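Below is one structure, written out as structure tokens; the observations come after it.
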Amino acid sequence: MAPKSKKPAEKSEKPAEEKKVEKTEKPAAKDKAAAPAAKDAKAKPKPEAKSASKPAPKKKSSQKKSGEGKGPEANRYVGVHIKNLDFEGINKDAVKEIFKQCPKIYQVRIRTGHHVLIFFDGAAGAKKALEMNGKTVYGNKITVKIARNAAPEKPREKFCKTVWVGDLPGGATKQQLQKHFEEAGKIIKVRVYDRKHMGFVYFTRPSDAIKAVGLTEKPFTYGKDVSKLDNVPPELQRKLQIKLSIRSKKFDKRQAEKRFNRRPPSQIEHARIKSENRKARKAALKKAEAAKAGSSSKKGSATKKSGSETKKAGSATKKAGSGVKKAGSGTKKAGSGTKKAQK
């Protein structure tokens, strides 16, 4: 039985020795792992130098947010409002000639009621224009101020899809006008005002409208082909006035709605409006009556107070009268006493 007990002891001794070896190996592994960590710690100061150099781009981003880096385009155009500028034949070129000493005139807008707006490309021209405040131009004393709530018009070439056609000959039709402009591009709609000798041509794109403006030198031939004629009559050599227009289908729809709302009301609408006005009058009368009732109640309380005061005054007069009567009776007694003494 003894040898059997020795074998497991040997087996048990071997694992104990192995455990000791493993325990001694683990700290060594830890030391090896700690060594590269220390090396990394020594090598870490380099990213700190990078982080120290990073705040510079952050400042740039803050400047962009604050709007410092936008440049002069943020407030590029400065407007000036001129009042009481009026003379015969006033136009944009004449206004530019009056303010020719002001540099960089960008746009001139002439409004009704003797008002003119001039926009300058920069503040220098506006400052120069303000010097003319109070001066007399063509017999009128003008006032010049900064236009704070005004802005220049957008260039029509960017968004206008319609052209205005003037100097149309009498009897021109939509078909003839459409044939005249068909080479410019696709046409959506044509409107002709024969009495005013003008019309409108609607295109699909602004580029087509710009092409149509370039056809000012093309003669209006009523849709006829005159290329084969040797002598073209003067009636077929008429040139049209063509300009960009802000009109569109939406604009025409709004104008039609305004005209519809201005029409006289029908019988049903007239009756409805009449009943609404009647109700409004009744409500106004009720309010007026309620206000009168309130004022009368206040007056009644005032009259009651005045009545009580008059009663008090009457009682005082009665007391005074009784005092007078007593005094009279006293005088009568005194008179009777004197008569008895005389006797």
Side-chain angles (χ1 to χ4, degrees), residues 75 77-87 90 107-119 126 130 133-134 137 139-154 159-160 162 164 189 191 193 195-196 198 200 202 245-325:
N75 297 320
Y77 300 112
V78 183
V80 167
H81 175 230
I82 303 155
K83 192 176 180 181
N84 202 28
L85 181 63
D86 184 37
F87 53 91
I90 184 171
Q107 191 180 96
V108 177
R109 290 164 65 183
I110 300 172
R111 297 298 188 90
T112 57
H114 317 312
H115 295 277
V116 178
L117 287 170
I118 303 177
F119 294 94
L130 289 172
N133 184 27
V137 179
N140 297 320
K141 189 177 180 180
I142 63 172
T143 58
V144 185
K145 295 180 181 179
I146 294 291
R148 301 189 182 279
N149 298 324
E153 290 181 344
K154 294 179 181 178
F159 67 93
C160 287
T162 308
W164 171 84
K189 184 180 177 182
R191 299 192 71 175
Y193 299 90
R195 291 183 180 179
K196 297 181 179 180
M198 70 175 192
F200 293 93
Y202 299 74
S245 174
I246 59 171
R247 293 188 69 155
S248 61
K249 278 191 167 184
K250 291 182 180 178
F251 178 85
D252 292 344
K253 190 177 180 180
R254 287 196 297 270
Q255 293 296 107
E257 287 175 356
K258 286 180 181 178
R259 285 195 296 272
F260 180 78
N261 293 332
R262 285 200 300 267
R263 82 195 196 292
S266 62
Q267 291 182 356
I268 297 169
E269 289 177 340
H270 182 70
R272 179 178 59 78
I273 292 166
K274 196 174 180 180
S275 65
E276 287 177 357
N277 292 337
R278 194 183 300 113
K279 288 178 182 178
R281 285 196 299 272
K282 285 181 180 179
L285 286 171
K286 285 181 180 179
K287 285 183 180 179
E289 288 174 359
K292 284 181 181 179
S295 62
S296 62
S297 63
K298 289 179 182 178
K299 286 180 181 179
S301 62
T303 52
K304 284 179 181 178
K305 287 179 181 178
S306 63
S308 62
E309 288 175 357
T310 52
K311 285 179 181 179
K312 288 178 182 178
S315 62
T317 51
K318 284 179 181 180
K319 287 179 181 178
S322 61
V324 173
K325 284 180 180 179

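Small disclaimer: the values here were computed from a predicted structure and weren't measured.
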Original post:
Side chains of Thr143 and Ile82: does their closest heavy-atom pair fall under 4.5 Å?
Top reply: no
**OP:** With rounding to the nearest 0.5 Å, note down the distance linking CD in Gln267 to NE2 in His270.
**Re:** 9.0 Å
Subject >> Distance in Å, Ser245 OG paired with Met198 CE, rounded so as to fall on 0.5 Å steps >> reply: 9.0 Å
Subject >> Gap separating the NZ atom of Lys274 from the CD atom of Glu269, nearest 0.5 angstrom >> reply: 15.5 Å
Subject >> Pairwise side-chain contact, Lys250 with Arg254, heavy-atom cut-off 4.5 Å (strictly under) >> reply: yes
Original post:
Less than 4.0 Å between a side-chain N and a carboxylate O, is that true for Glu276 and Arg272?
Top reply: yes
Subject >> Test item: Val137 and Leu85 side chains (from C-beta on) under 4.5 Å apart, heavy atoms >> reply: yes
**OP:** Flag this pair as yes if the NZ/CZ of Arg247 is under 6.0 angstrom from the six-membered ring centre of Phe200 and inside a 45 degree cone about the axis; otherwise no.
**Re:** yes
Original post:
Do Ile90 and Ile110 have side-chain heavy atoms sitting under 4.5 Å apart?
Top reply: yes
Original post:
Below 4.5 Å, heavy atoms only, C-beta onward: do Thr162 and Lys189 meet side chain to side chain?
Top reply: no
Original post:
Which heavy atom in Phe119 sits nearest to a heavy atom in Gly79, and how many Å separate them?
Top reply: CD2-CA, 3.5 Å
Subject >> Which atom of Asn140 lies closest to which atom of Asn84, heavy atoms considered >> reply: CB-O, 3.4 Å
Original post:
Do Lys83 and His114 touch side chain to side chain, with heavy atoms closer than 4.5 Å?
Top reply: no
Original post:
Do Leu117 and Val80 touch side chain to side chain, with heavy atoms closer than 4.5 Å?
Top reply: no
**OP:** Taking Gln107 for its side chain and Ile118 for its backbone only, find out whether a donor-acceptor pair lies under 3.5 Å.
**Re:** no
**OP:** Provide the closest heavy-atom pair for Val144 versus Asn133 in the form atom of the first, atom of the second, distance.
**Re:** N-OD1, 3.0 Å
Subject >> From CG (Leu285) to NZ (Lys287), nearest 0.5 Å >> reply: 11.5 Å
